[in-house]
Amino acid sequence: MRATRLFVQTLKEVPKEAQVASHILLYRAGMIQKLASGIYNYLPLALKSLRKIENILRDELNKRGCQEVEMPVVQPAELWQESGRWNYYGPELLRFKDRKGGDFCLGPTHEEVITDMARRNLKSYKQLPWNLYQIQTKFRDEIRPRFGLMRGREFTMKDGYSFDVDEEAALKTYQLMYEAYTAIFTRCGLKFKAVDAATGAIGGDKSHEFQVLADSGEDMILSCSKCDYAANEEKARTKIGEALVDPAQFKALETILTPDKKSVEEVAAFLKLPVERFIKSMIYLVDDEPVLVMVRGDREVNEAKIQAQLRANKVELAPDAVIEAVTGAAVGFAGPVGMKKKIKMVADHMVAGIVNAATGACKSDHHIVNVNSGRDFTPDLIGDFIKTKKGEACPKCDGVLEEFRGIEVGQVFFLGTKYSEKMKCTFIDAAGAEKPAVMGCYGIGVGRTMSAAIEQNHDEHGIIWPMAIAPYEAVVLPLQMNKDEVVKAGETLYAELLAAGVETVIDDRDERAGFKFNDADLIGYPVQVVIGGKSLEKGVVEVKIRKTGEKKEIPVAEVVKFVTEFKEAELAAK
RNA sequence: CGGGGUGUAGCUCAGCUGGCUAGAGUGCUUGCUUUGGGAGCAAGUGGCCGGAGGUUCAAGUCCUCUCACCCCGACCA
C-alpha cells in the first residue's frame with residue numbers, strides 16, 4: 001500500500017474525550033472515528049488489525065473442532081421471553097418494534113438464538129458434541145460507554161457455545177476452550193492472566209476471565225504472590241481460619257444503652273471492644289426478599305458473593321423502611337438476636353468464630369454483647385460473603401494476595417442446563433431417555449483485544465504493534481523524494497518485500513524525514529526500512545525495529561532476507 | 001437515574017458587563033525556499049456560533065425549551 005493512497009489521517013491533537021492510551025492512539029493514528037457515543041467507524045488500519053485477530057481466533061478454534069456460523073443481529077422477542085430474559089435484561093437490551101408492531105431487540109449476546117438453532121437440529125446423543133461460534137456485531141446500550149473501543153455500545157465479539165451430552169464431557173470442552181483462549185491471547189502478543197470469575201446474570205457455576213494486565217483496566221484482580229491462584233475481586237477468597245470456639249467461655253447476653261452510636265467503629269470505641277469482636281449486620285433485599293447478612297466488624301459485605309451463593313438475580317441494600325419493619329428498631333441497630341420479623345440469615349465464616357460478640361440489639365439505641373453463633377442464633381447459611389483485599393492470605397497456599405488492574409478480553413462460562421432446560425434443547429441418550437444438552441459459552445471482545453494490545457504495547461511516540469496483529473508489518477521510508485536514486489531504491493525494496501509476502505507500506509509522500517518518522521512511529525509498523533541518500537551511497541539502508549528502537553545498517557541486497565527472518569521470528573515467539 | 005461540564009472552521013480552542021465585517025493555532029490548496037525526527041515565508045480555502053422559540057434598535061454572548069456529547073457516581077457483564 002502506498003501512503004499517498006492510504007485512507008488515513010494522522011493527528012497531532014486529540015479530542016479531550018480520549019482518556020486512555022489505546023483510545024488516544026487509535027484516534028491519532030487515524031484508525032477509528034466516533035459516529036455516536038460508543039459507536040465507531042473502523043478505518044482501514046483498524047480493520048486490518050481486527051481481521052488478523054479474527055483470523056487467529058478462527059485458526060485456534062477450527063483446529064479444536066469448532067465450527068463458524070452466523071446468527072442475526074436482530075432477534076425476535078419470543079425467544080427472549082422463552083428464556084425469561086426479556087424481563088430481566090435491563091435497558092441495556094435495545095428493543096424496538098417492526099412495522100407490524102412485533103417486538104424485537106438487537107442481540108447483546110446469543111444464548112437464546114443458538115439454543116433455538118441447536119434444538120431444531122438436535123435429536124440424538126450421537127450428534128454431540130457441538131461447538132459453534134460466530135464473529136459478529138453486538139449491541140449493548142451501555143449506561144456509560146468509555147475508553148474508545150474498550151467499552152463501546154456496538155462492538156465485535158467472538159461468541160461461542162458448546163453442547164455436550166453430560167457434565168463430564170462439557171467440562172472437557174470447557175478445558176479445551178480455556179486452552180484455545182490461552183493460545184489465542186498468547187499469539188496476539190498479550191500478557192494476561194486467566195482468573196476465577198463471578199458468573200453474574202448469565203448463570204452457571206464455573207467461569208474464568210482472561211484479563212490483560214494494564215493500569216487502565218476497569219477490573220480489579222487479586223492474585224497470589226506464590227502460586228497460580230488469581231481471581232476477580234468479586235470472586236476472590238482468602239484463607240478461612242479454623243474457628244476454635246469453646247462454649248465454656250460463653251457469657252450471658254447483656255443489652256447495653258448505646259445512644260446515637262450506630263457504626264461499628266463508633267460502638268467499638270464506646271464499648272471499648274475491638275472491631276473484630278463485632279458482628280456487622282446488614283439487611284439486604286435479595287430478589288426483593290429481606291435477608292440479614294452478617295460479616296465480622298472489620299470486614300465489608302461482597303454483594304456479588306451474596307448473589308452467587310443465594311442464586312439471586314438482584315441484590316441491593318434494603319431501604320430504611322424495610323430495615324425498621326424487620327428489626328423493629330431504627331437503622332443502625334440490626335442484629336441476629338431479637339428481630340421483629342423472622343427472615344433468612346446468612347453469615348460469613350468469620351462470624352461463627354467470634355466468641356462473645358457485640359452487635360445491634362434490634363432495639364433503638366441499644367447494642368447487645370456476648371452474642372454467640374449457635375447458642376443465640378443459627379444462620380441459615382454460612383459461607384464466604386466478604387470482600388477480599390490485597391495483603392491477605394492466599395486461599396490455596398501460604399502466599400499473600402496482590403492486586404492489579406485488568407482488562408477483560410475474554411470469558412469462558414460453564415453454563416450447565418440453564419438455557420437448554422428452559423428452551424427444551426434436548427436429545428435422546430443411549431438409554432433412550434430425553435436429556436437437556438449441557439452447555440458452555442465463550443466470548444472474546446475483538447476490538448477490546450486490539451485496544452488491550454495497544455495499552456500494553458505503546459510508548460510516547462505511538463503504538464508498538466505485536467507482529468501478529470499489526471495492520472502492516474513493515475514500512476519503507478524513502479527520505480528524499482527529490483533524489484531519484486532514493487525513490488528508485490525505495491520502490492525496488494517495496495516491490496521485493498511485497499513479493500516476499502511482507503505486508504508493506506511505502507511512504508511515497510513528498511514530506512520531510514521527521515514527518516515520516518513520526519507517522520511511522522505513531523502507526524507503529526514493527527519494522528521501518530529507512531532509505532537515505534547518504535547511507536545509500538554506502539550501499540546500505542537503515543532498518544529500525546520499532547519494539548526495541550534498535551537501528552541496523554543492512555546492505556540493500558540483504559534487506560528482504562533480514563525483514564522476513566525478523567517477521568518469522570516474531571510470529572513464532574511466545 | 002443523580003451531580004458537574006461542553007457544543008463556535010475538518011481538528012484543538014479563544015471570543016469580557018450584548019455592539020459594527022466572528023478569531024487563533026492546526027489541517028487543506030498554491031508559490032518560493034528547505035530536506036535524517038511533525039520546516040520557514042507568503043497568499044488562499046474553510047462558519048446556519050448544536051436546534052427551536054423568546055427578550056432587544058441589536059444575540060455567538062441574555063432567558064426558556066430541546067438535542068447531542070463528555071466527566072464523576074449509582075447501575076450493569
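Here is the naming used below: chain letters follow the sequence lines, and residue numbers restart at 1 for every chain.
A/M71 and A/Q136 get closest at one heavy-atom pair: O-NE2, 2.6 Å. Considering all non-hydrogen atoms of both residues, A/S420 and A/T115 come closest at CA-CG2, 4.3 Å. The two residues A/P395 and A/R237 make their nearest non-hydrogen contact at CD-O, 3.4 Å.
In the interface, the side chain of A/R28 is paired with the base of B/G38 through a donor and an acceptor atom under 3.5 Å apart. Residue-to-nucleotide contacts include no donor-acceptor pair under 3.5 Å from the side chain of A/Q9 to the base of B/G10.
Separation of the P atoms belonging to B/C75 and B/U66 is 28 Å when rounded to the nearest angstrom. If you take atom P in B/G50 and the same atom in B/G10, they sit 13 Å apart, rounded to whole Å. Rounded to whole Å, the separation between the P atoms of B/G3 and B/A74 comes to 16 Å. Annotation: B/A9 and B/A14 have their C1' atoms spaced 13 Å apart (nearest Å).
The side-chain contact (heavy atoms from CB on, under 4.5 Å) test applied to A/T137 returns A/E154, not counting sequence neighbours.
Under the 3.5 Å distance criterion, with hydrogens and angles disregarded, no donor-acceptor pair is assigned to the side chains of A/R95 and A/Y89.
The strand RNA chain B forms stems, runs of 3 or more Watson-Crick or G-U wobble pairs with distances below 3.5 Å, at B:1-7 with B:67-73, B:10-13 with B:23-26, B:28-33 with B:39-44, B:50-54 with B:62-66.
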Write down the protein N/O and nucleotide N/O pairs, taken from nucleotides 67-74 of chain B, whose separation is under 3.5 Å; answer none if there are no such pairs.
{"residue": "B/C69", "atom": "OP1", "partner": "A/S37", "partner atom": "N", "Å": "3.2"}
{"residue": "B/C69", "atom": "O3'", "partner": "A/K34", "partner atom": "NZ", "Å": "3.1"}
{"residue": "B/C70", "atom": "OP1", "partner": "A/S37", "partner atom": "OG", "Å": "3.3"}
{"residue": "B/C70", "atom": "OP2", "partner": "A/S37", "partner atom": "OG", "Å": "2.9"}
{"residue": "B/C72", "atom": "OP2", "partner": "A/R144", "partner atom": "NH1", "Å": "2.5"}
{"residue": "B/C72", "atom": "OP2", "partner": "A/R144", "partner atom": "NH2", "Å": "2.3"}

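The shortest distance between side-chain heavy atoms of A/Y419 and A/C425 does not fall below 4.5 Å.
Out of B/A39, B/U12, B/G38, the shortest distance to the side chain of A/K12 is found at B/G38. For A/E408, taking side-chain heavy atoms from C-beta onward, the closest of the listed nucleotides B/G36, B/U26, B/A77 is B/A77. Considering only side-chain atoms of A/F517, the nucleotide from B/G36, B/A77, B/G38 that sits closest is B/G36.
The CZ-P distance, from A/R151 to B/A77, rounds to 11 Å in whole Å.
Between A/R546 and A/D459 there is a salt bridge, with a side-chain nitrogen of the basic residue lying less than 4.0 Å from a carboxylate oxygen of the acidic one.
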